[in-house]
Each structure stands twice: as structure tokens, then as C-alpha cells.
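Letters A, B, ... are given to chains in the order of the sequence lines, protein chains preceding strands, and every chain is numbered from 1.
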Amino acid sequence: MPELPEVETVCRGLSAHITGRTIVRATARRRDLRVPLPHDFERSLADRKITAVTRRAKYILIHLDDGKIFIVHLGMSGSLILHDAPLPNFRKHDHVIIEFSPYKLMVFHDPRRFGLIALAAGKDIEGNKLFVQLGKEPLDPETTAERLYDILQHSRAPVKSVIMDQRKIVGVGNIYACEALFRARIHPARPANKITKKETARLMNGIKTVLEEAIRSGGSTLRDYVRSSGDAGYFQHHFSVYGRAKTPCTLCRTPLSTTRQNGRSTFFCQTCQK
DNA sequence: CGGCGGTCCTGTCAGC
DNA sequence: TGCTGACAGGACCGCC
């Protein structure tokens with residue numbers, strides 16, 4: 001699930017519930033995530049107080065009172081769930097467990113282990129290997145259609161690949177790329193440098209609005225996400241094209257098309273998107 | 001350098 | 001029912 005809106009939702013939920021709490025204990029049930037957990041991981045977290053929870057791209061940044069940052073990326077299948085009471089038993093793929101005082105339990109669960117957990121010194125976070133290459137935040141007011149146009153002009157790759165390229169714009173994954181292109185009425189395979197200024201304005205607007213709406217609908221189910229038991233509670237956002245091959249386009253009733261780009265499924269309306 | 005394809009890993013679902 | 005293959009919301013690496 002986790003594209004920018006999901007990560008933002010998780011961050012807001014975490015921020016509301018763990019800011020100001022102290023980590024009593026960190027436990028790794030397995031260390032071989034995408035990047036192996038550092039050997040001093042548990043020790044580095046113990047007794048640290050959470051000062052803030054923020055987001056950069058699809059990374060969750062849990063700020064600690066010693067200036068370090070506990071970084072979590074959910075990959076394709078990761079979740080970070082809070083529980084109010086101790087669990088009778090952990091599930092398969094519950095890899096990292098954090099206990100807080102006052103009591104809360106935070107469980108990092110990730111079947112595919114494409115997720116990542118790391119620790120970094122806070123002051124040089126932007127210089128961190130994970131972050132140096134990252135592009136613009138799409139919801140930043142400074143990320144304008146003019147900036148996007150400049151980005152698109154410098155690439156001949158399909159526009160969908162470009163808006164999913166985290167070095168150019170962050171946070172847009174496969175689902176929201178499809179949705180934003182539909183909103184902008186742009187065919188996903190168009191070479192980026194052939195997109196006009198006018199189309200770019202629609203695309204920037206499509207990206208911002210679809211992300212904002214998804215965050216809003218995530219916010220409304222925030223209580224579900226932090227419920228003390230149960231699964232990830234990712235919200236059900238309504239998609240116009242993603243996963244809807246062959247079903248009628250909401251605008252023109254043409255059956256939606258699907259294709260593959262860079263190994264990822266793309267959904268679009270061949271009538272509306274040119 | 002840019003762009004594409006393969007790869008990491010496990011779970012789920014469709015089809016036989 | 002059981003097996004097989006395709007596919008899944010991400011990102012890195014290496015090759016042309």
C-alpha cells in the first residue's frame with residue numbers, strides 16, 4: 001500500500017500517539033531486512049524519548065531525543081501498527097517490536113522484507129545516502145507546474161516513469177501515478193519531454209489533488225489504523241483507474257485498458273488520455 | 001548519463 | 001484439493 005498518502009497517514013497516527021513517550025525496549029525478531037539491522041540497534045533505541053515523527057518522501061522519520069533519527073520505510077508490504085496492550089503472541093513477519101512508556105507497542109510487520117529500518121544522525125539527514133538523491137515533495141507549495149515542466153523537459157522516458165522516479169518527484173507510486181495521469185488526461189506512455197505546459201499544469205494539479213484527497217480519506221480512518229488489534233487498516237481510497245481494467249471509464253464509459261511499463265501494471269482510459 | 005530489465009522476498013489468487 | 005505461474009502498493013544495481 002504505502003505510497004505518500006499512506007506513509008503520511010501512518011506518520012500522523014504515530015506522531016499523535018508516541019511523541020513524548022520513551023522507548024523502554026527495542027527487540028529485533030529478525031535482522032535481515034533490505035538492509036541488515038545494525039548490531040547496536042536495540043541499544044541505540046533503549047531509553048530514548050520520541051521528540052517528533054515526520055515524513056520525507058516515503059520514509060517515516062522518528063526523531064529521538066539524542067538527535068538521532070529512527071528511519072522506517074515500509075517497502076511494498078510493510079506496516080507499522082500500534083497496540084495498547086501486550087500481544088499474546090507475535091505473527092509471522094513481525095520483525096521489530098518497540099515498547100514505549102507510557103505503554104504502547106509498535107510492531108513493524110513486513111512479509112516481503114522490502115522495507116528498511118535504519119538509524120541516522122539527525123543533523124545530516126539530507127546528506128544521508130538514503131536521502132541525497134530524493135527529488136521534490138509534491139505537496140510542497142514550491143513544487144509548481146513550472147518545476148515539473150522543467151523536470152519533464154529533461155527526459156524522454158514515458159511520463160509515468162518520470163513521475164514515479166523518486167529522484168525527480170517523491171512519493172508517487174504506481175497507483176497514484178496512474179490516477180494522476182487519468183486526472184490530467186495524459187497517456188502514461190507519452191514521452192515526458194512532449195508534454196505541453198498546459199498538460200503539465202493539469203498533471204501537477206492531478207498529482208497534488210489525488211495525494212491530498214487520499215491523505216484526507218486516510219485521516220478519516222486514522223482511528224482504525226491505530227486500533228489495538230487487527231491488521232494494517234490501510235484506508236480504501238476510491239480509484240478511478242487503478243485495478244479497474246475492462247471496467248467502464250467513469251467519464252466516457254470506454255472499458256479501461258491495462259498495459260505494462262517497466263515491469264509495473266499501468267491502467268488508463270485510451271479515449272480520455274491522449 | 002539515462003533508461004530499462006532483473007532482482008530481492010513472501011503471499012495470494014486464478015487456472016488447470 | 002493441490003500445484004503452478006503470474007502478480008503485488010518499492011527501490012537498488014548493473015548493463016547497454
What does [X] touch in the nucleic acid at a heavy-atom separation under 4.0 angstrom: a base, only the sugar-phosphate, or nothing?
| X | result |
| --- | --- |
| A:Pro191 | nothing |
| A:Arg156 | sugar-phosphate |
| A:Arg260 | sugar-phosphate |

message: Over 60° means perpendicular and under 30° means parallel, so tell me whether A:Phe239 and A:Tyr176 are parallel, tilted or perpendicular.
response: perpendicular
Does [X] put a side-chain nitrogen or oxygen below 4.0 Å from OP1 or OP2 of [N]?
| X | N | answer |
| --- | --- | --- |
| A:His93 | B:dT10 | no |
| A:Arg264 | C:dA8 | no |
| A:Ser155 | B:dG3 | yes |
| A:Ser265 | C:dA8 | yes |

query: Just how far is it from atom CD1 of A:Ile207 to atom CG of A:Leu4, taken to the nearest 0.5 Å?
result: 11.0 Å
- prompt: Of A:Arg34 and A:Lys92, whose nearest nucleotide on DNA chain B comes first from the 5' end?
  reply: A:Arg34
query: Take atom CZ in A:Arg147; do more than 12 heavy atoms of anything else shown fall under 6.0 Å from it?
result: no
Specify the separation, in whole Å, of atom [atom1] of [X] and atom [atom2] of [N].
| X | N | atom1 | atom2 | answer |
| --- | --- | --- | --- | --- |
| A:Lys129 | C:dA11 | NZ | P | 14 Å |
| A:Arg30 | B:dC8 | CZ | C1' | 12 Å |
| A:Lys58 | C:dG9 | NZ | P | 10 Å |
| A:Phe114 | C:dC13 | CZ | P | 14 Å |
| A:Tyr176 | C:dG10 | OH | C1' | 15 Å |
| A:Arg112 | B:dG11 | CZ | P | 11 Å |

query: Are the side chain of A:Glu8 and the backbone N or O of A:Ile215 linked by a donor-acceptor pair below 3.5 Å?
result: no
- prompt: Which listed nucleotide (C:dG10, C:dA8, B:dT10) is nearest to the side chain of A:Glu3?
  reply: C:dG10
- prompt: Out of A:Ile60, A:Ile62, A:Leu119, A:Leu61, which one pairs with A:Ile69 under the side-chain contact (heavy atoms from CB on, under 4.5 Å) rule?
  reply: A:Leu61
message: Strictly by Watson-Crick or wobble contacts shorter than 3.5 Å, is anything paired with C:dG10, and which nucleotide is it?
response: B:dC8
